[in-house]
Amino acid sequence: MNEILQVFNEKMPGRFHHAKKLWKLRMLAAGMDHNNVFHLLESANSWDQWLPACLNAADEFMKKADQALKDGNYATAGYFYKNAALSYHFGQFMWFCDEKAKKETYQKCAEAFKKAAPLMNPAAHRIEVPWNREIIPGYVRIPPNVKKPPVLFMVNGIGAWKEELMSFTDFFLDRGIATVSFDGPSQGELEHVKLTRTNYEEAVSALIDWIIRHYPELDTDNIALTGISLGGYTSVRCAAADGRIKAVCGIGGLYDLSDLEGKTPLFKQVEFSKALGFQDWKSFYQHANEVVNLSDVIENIQCSMLMIHGENDPIADNQHSVRIIEKAINSPDKELKIFEGGNHVCTNQVCACRSYAADWVAKRLSA
Amino acid sequence: MSEIISFYNKLMPDLFEFVVKQWKPRMLAAGVDHNDLERILSSIGSWNQWRDVWSRSGDEHMKSGDEAFENKNYITAGAFYRRAALAYHYAHYMWFSDEAEKQETYKKSMEAFKKAAPLLRPAAHRIEVPWKNEIIPGYVRIPPNATKPPVLFLVSGADAWKEELCSFTDFFLERGIATVTFDGPAQGELSHLNLERTNYEDAVSTLLDWIIENYPELDTERVGLTGISMGGYLAPRCASADPRFKAACGIGGPFDFSEFEQKIPPLLKVDLAHLMGFEDWENLYAKANDVVNLSDVIENLRCPLLIVHGALDQIITVDNAHKIIAAAKNCEDKELKIYEDGNHVCNNYVYSYRPYVADWIAKRLFAR
């Protein structure tokens, strides 16, 4: 085990109860039922019980879902598969203490979600897009009764992957916009590919090419990106690299990792080290800011841009969004929106924040 | 002031804790945002601030709704108006010390929901149905892309009215069933009427006549009923009285009020006295069981019946559910579903009971 994970293992048990409180908001924002969340949080009293408790809850949901499917209750089956997927997801998302168990559990999440996808309303169509020697996995959802809808690409955060963010896509679908959720480098099914300075935008451009070719029923002249947390950084990078993107919205994003040491909370540091593939503190602190950094591309942004940030974000200070807006000197239409009292990614004001982002995107794509 | 209201005023110091413990899951089930709820509850120190704090939250959501509407962000506006309606609703609910304040606050909830209705997806169409000298107000929602969908009447409870139950209608709509929510006697916009032994089923049959006449695009040969709490009593009552209903489901409802004095918690006694229009204890205890009682009609029930109850229900004991099922002698397709650690209306198992009920109803209404 590397020295970064060793520190994680030492500190996590003592901070578990505090961490649970933060996770609760994320679990609710992801669309888990509040009663389940309460039951689940109560059933794990210490860190070592967390993954087993989540596995229990998820397995129960799988059983219920299989039964509902057998009975022909498809909407119910979809609902339970989705809740199973999310329970597996939150079981593994911080489980850095056992890499094998983490991977196996995420695999279960991905499989459960695959079963939920066709049963959702509107359905989520699974796509698998070749890119270099990898497959970018994703889901396309199309709003019913809309002719040639514009398209929104939902960009994941560091540990918030396509399954967790599916609840956000509802806000765009409600407004007549089709959505593409996917895992890019370092995320979900592509977790084994480490994030480099430019590989995320390469993957996204390949994904856009593929969507244009395979989905003629979508208005691929009108494409936007929305990303949260690390996705608030990568989505800006993608928009700078690909002129086909008409609008970009980043929520709780980063300009760079210059304040990694000292300012970023320990557990987030651990997540970053995993996503970037660093094994020791020295090279991590030395090189992280070379991997995550907008300075080389920010002036290339020529599309509309909205940066949303929580006033009290303890993970990525709101100054990151202020800087992004300042430095995007070639964007003709840019806006900074600070949510008063908002936390990281505004999960404590999730309805207001998501509505705001979706309305802004809809206006730019003339949905 | 009636003796029941002065009794209520004496309960006030303990109400905040009781109401939060009993009904927080219910508020979330109705669609109050969890972050919003935490903020609201943490800023209420005692019961006498209850109405003010919720009303202020309602005002804020209205403002955000108006702003979104002006900016043509209609989906967002609808969501804010709906949250405003819920905030005003909880502001007036269990607030009995001043009837004028209660009415005024409910009116705000109703007006906010009226604004939300056309902006919901699918939209909720406001209907106003003449009945005797009154108007039954309601909302019809129709699932998109369904041809001739069957219909579900959602029956409100003693204090959970049409605005609050909107979140439950989504479960039926997803399964291709149109929904009708409404206020019957003693509820919402008809709260000036008292609940009597037979006036509710009377109103519902009139509502069904009107829907048949005015909504030819719905399959009115296939109409079901689902009710919660008091509505869990009223739904089987209406289905017993009107054979046009093809399925009935009651959740957490009483069979009768024979246990009223011994088993019902004090605050609920006040709530139910208000519903039936009693002002003194003697009358209330003597007559409640004459007003709320299924014994005269339950044997007429012939359509499929599902009764759902929480075994830990502290408001209406689970014995009531067993009684309803046992007394429905002429019903061939009946089912009792007990949630072992479910509370009143199984609000702590919303994620499980609502799909269960909606699937059960869908099976009965789509059966060929």
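Chain A is the first sequence line, chain B the second, and so forth, proteins listed ahead of strands; every chain is numbered from 1.
Applying the 6.0 Å contact sphere to NZ of B:Lys63 captures no more than 12 heavy atoms from other residues, nucleotides or ligands. Under a cut-off of 6.0 angstrom, the local environment of OH in B:Tyr215 is crowded, with over 12 non-hydrogen atoms contributed by other residues, nucleotides or ligands.
With a 4.5 angstrom heavy-atom cutoff, A:Asn121 touches chain B only via side-chain atoms. With a 4.5 Å cut-off on non-hydrogen atoms, B:Pro144 touches chain A through its side chain but not through its backbone. Contact of A:Tyr74 with chain B is not made at all, since no heavy-atom distance falls under 4.5 Å.
Contact check on B:Arg26 versus B:Asp159 returns a salt bridge, with a Lys/Arg side-chain nitrogen under 4.0 Å from an Asp/Glu carboxylate oxygen. B:Lys115 and B:Asp66 are joined by a salt bridge, as a carboxylate oxygen and a charged side-chain nitrogen come within less than 4.0 angstrom of each other.
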For this session: Could you check B:Phe69 against B:Tyr74 for ring-ring contact (aromatic ring centres under 6.0 Å, His included), going step by step and ending with a plain yes or no?
Result: CA-CA 6 Å; B:Phe69 194 85; B:Tyr74 298 119; 5.2 Å; yes
For this session: List the steps, then state whether ring-ring contact (aromatic ring centres under 6.0 Å, His included) holds for B:Tyr356 with B:Tyr353.
Result: CA-CA 5 Å; B:Tyr356 192 89; B:Tyr353 95 73; 9.6 Å; no
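The heavy-atom pair separating A:Ile177 from A:Pro150 by the smallest distance is CG2-O, 3.6 Å. A pairwise comparison of heavy atoms in B:Val350 and B:Pro355 identifies O-CD, 3.7 Å as the closest pair. The minimum heavy-atom distance linking A:Gly310 with A:Ile338 is given by the pair C-CG2, 4.5 Å. The minimum heavy-atom distance between B:Ala84 and B:Gly58, with the atom names listed, is CB-O, 3.6 Å. Annotation for A:Gly341 and A:Asn348: closest pair O-ND2, 2.9 Å, computed over non-hydrogen atoms.
Top candidate by heavy-atom pairs under 4.5 Å with chain A, chosen from B:Glu174, B:Arg121, B:Lys72, B:Arg175, is B:Arg175. Chosen from A:Thr347, A:Val350, A:Asn145, the residue pairing most often with chain B at heavy-atom distances under 4.5 Å is A:Asn145.
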Contacts table for residues 55-64 of chain A: side-chain donor-acceptor under 3.5 angstrom, sequence neighbours left out:
| from | atom 1 | to | atom 2 | distance (Å) |
| --- | --- | --- | --- | --- |
| A:Asp59 | OD1 | A:Tyr88 | OH | 2.6 |
| A:Glu60 | OE2 | A:Lys63 | NZ | 3.3 |

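Without hydrogens or angle criteria, A:Arg141 side chain to A:Pro122 main chain gives a donor-acceptor distance under 3.5 Å.
Side-chain contact annotation: B:Ser57 with B:Arg83, donor-acceptor N/O pair under 3.5 Å absent.
Within residues 30-44 of chain B, the residues that have a heavy atom under 4.5 Å from a heavy atom of chain A are B:Asp33, B:His34, B:Asn35, B:Glu38, B:Arg39, listed by number. Heavy-atom neighbours of chain A within the stretch residues 334-342 of chain B, taken at a separation under 4.5 angstrom, are nonexistent. Scanning residues 32-44 of chain A against chain B with a 4.5 Å heavy-atom cutoff picks out A:Asp33, A:His34, A:Asn35, A:Asn36, A:Phe38, A:His39, ordered by number.
In this structure, B:Arg222 forms no cation-pi arrangement with B:Phe366, as its terminal cationic atom is not both closer than 6.0 Å to the ring centre and no more than 45° off the ring axis.
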